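The structure appears below as structure tokens.
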Protein chains: 2
Amino acid sequence: MEHRIDRIKKQLHAQSYKLTPQREATVRVLLEREEDHLSAEDVYLLVKEKSPEIGLATVYRTLELLSELKIVDKINFGDGVSRYDLRKEGAEHFHHHLVCIECGSVEEIIDDLLEDVERIVEKDWGFRVKDHRLTFHGVCKQCQDVAVKTK
Amino acid sequence: MEHRIDRIKKQLHAQSYKLTPQREATVRVLLEREEDHLSAEDVYLLVKEKSPEIGLATVYRTLELLSELKIVDKINFGDGVSRYDLRKEGAEHFHHHLVCIECGSVEEIIDDLLEDVERIVEKDWGFRVKDHRLTFHGVCKQCQDVAVKTK
DNA sequence: TGTTTTATTGATAAGAATTATTATATTATA
DNA sequence: TATAATATAATAATTCTTATCAATAAAACA
């Protein structure tokens, strides 16, 4: 944890931003809840538990900043709010998501499954790929099992 | 054009919705600007040119309805507005996008490049894929050419 | 056909998410 | 330490979208 905070601190410094206490508190929440996909409001409420004096606008600003520096990815699952997701350490690409249309759960896939596809895009469309985002919508294993049982 | 309107009319009727003049006007705009990725506001302004009496709420309602019936896909490129994109005729899946980070242009890829990837997801994660959305971020051909010239 | 029900619409209010503003506080720098 | 630059909290303002509601149009039915 401390190691990753340090890394992020350096990334900020490299662009002459400071890791203020508020920013650190925000990053800590993101690290602690790495598996989740928190909205700005979610992050705000969690940060507030430990740093009650923080303001919502600061959280928004911090998330925006982290997003610009590619420390977090801003994603949107179509529910009206942006969600913020830490990049895996050293990950060059965004990771993928499996969104269950039954229960709404979101699983992550870290594997880069798109190397072949990217090659095709670069070759056939002349498009130089820098990043990608891939989301599958469908039914997760749990919901499939439930469906079988209740038959 | 008329053929596609007819098809959409049938899809609406199948769910006992009517193709009202307002809905038809909205669909016509979507068909005319099929290559674009219009926001609700964009659609509203374009529909208004030919049917000045239409209300913004009706356009939102129509787009929502078309979205539910999978006639259009509601997409989000992270600029704060939802955009609406007609599905290609008979397309089972969402098509993909190439978003240029230099000029902001959005190209479409109709090919289903993900068959292999979907097989892996179904097999390794037990996730039954119903749909997917894939967006590549990078530099389009035009911007690459410009970059070379201005060197 | 006339009447009743239902669906749809337009105008606008309400809501939610996000951004802008402003005064204050903190930090860095001369 | 004084001064300038950054960052912050509180909150106002904005933007996008949805809900409400009265009016209208269409459909169903007697």
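Keep in mind the model is a prediction, meaning the values are calculated, not measured. Note on naming: letters A, B, ... go to the chains in the order of the sequence lines (proteins, then strands), and numbering restarts at 1 for each one.
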Rounded to the nearest angstrom, tell me the gap between atom [atom1] in [X] and atom [atom2] in [N].
X       : N      : atom1 : atom2 : answer
B:Leu63 : C:dT9  : CG    : P     : 12 Å
A:Glu64 : D:dA7  : CD    : P     : 15 Å
B:Tyr17 : C:dT9  : OH    : C1'   : 16 Å
A:Asn76 : C:dA17 : CG    : P     : 12 Å
B:Arg23 : D:dA25 : CZ    : P     : 16 Å
B:Glu24 : D:dA25 : CD    : P     : 18 Å
A:Arg83 : C:dA17 : CZ    : P     : 10 Å
B:Tyr60 : D:dT15 : OH    : P     : 13 Å

Paired nucleotide for C:dT3 [Watson-Crick or G-U wobble; both distances under 3.5 Å]: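 The answer is D:dA28, by the H-bond criterion.
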
Regarding A:Glu53, tell me which of base, sugar-phosphate or nothing describes its non-hydrogen contacts under 4.0 Å with the strands shown.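 Sugar-phosphate contact only.
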
Presence of [X] side-chain N/O under 4.0 Å of [N] phosphate oxygens OP1/OP2:
X       : N      : answer
B:Gln22 : D:dA25 : no
B:Ser82 : D:dT17 : yes
B:Thr20 : C:dT9  : yes
B:Thr58 : C:dT9  : no

How about A:Gln11 and A:Gln15: do any of their side-chain heavy atoms sit closer than 4.5 Å?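 No, side chains not in contact.
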
Between A:Glu107 and A:His97, is there a side-chain donor-acceptor contact under 3.5 Å, judged purely by atom types and distance?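 A:Glu107 and A:His97 do not have a side-chain donor-acceptor pair below 3.5 Å.
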
Would you say the ring centers of B:His37 and B:Phe77 fall short of 6.0 Å from each other?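 Between B:Phe77 and B:His37, which both carry aromatic rings, the centre distance is below 6.0 Å.
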
Most 5' of B:Val81 and A:Gly55 on DNA chain D, judged by nearest nucleotide: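 Final value for this comparison: A:Gly55.
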
Check: A:Arg61 side chain, D:dA9 base, donor-acceptor under 3.5 Å: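 Check passes, donor-acceptor contact within cut-off.
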
Pick the nucleotide of DNA chain C nearest each of B:Lys18 and B:Pro52; which residue has the one closer to the 5' end?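 Here B:Lys18 is the residue nearer the 5' end.
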
Salt bridge check, B:Lys74 against B:Glu64: does any charged N sit closer than 4.0 Å to a carboxylate O?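 B:Lys74 and B:Glu64: salt-bridged.
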
Distance-only, no hydrogens or angles: does the A:Gln22 side chain make a donor-acceptor pair with backbone N or O of A:Val59 under 3.5 Å?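 Judged by distance alone, no pair lies under 3.5 Å.
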
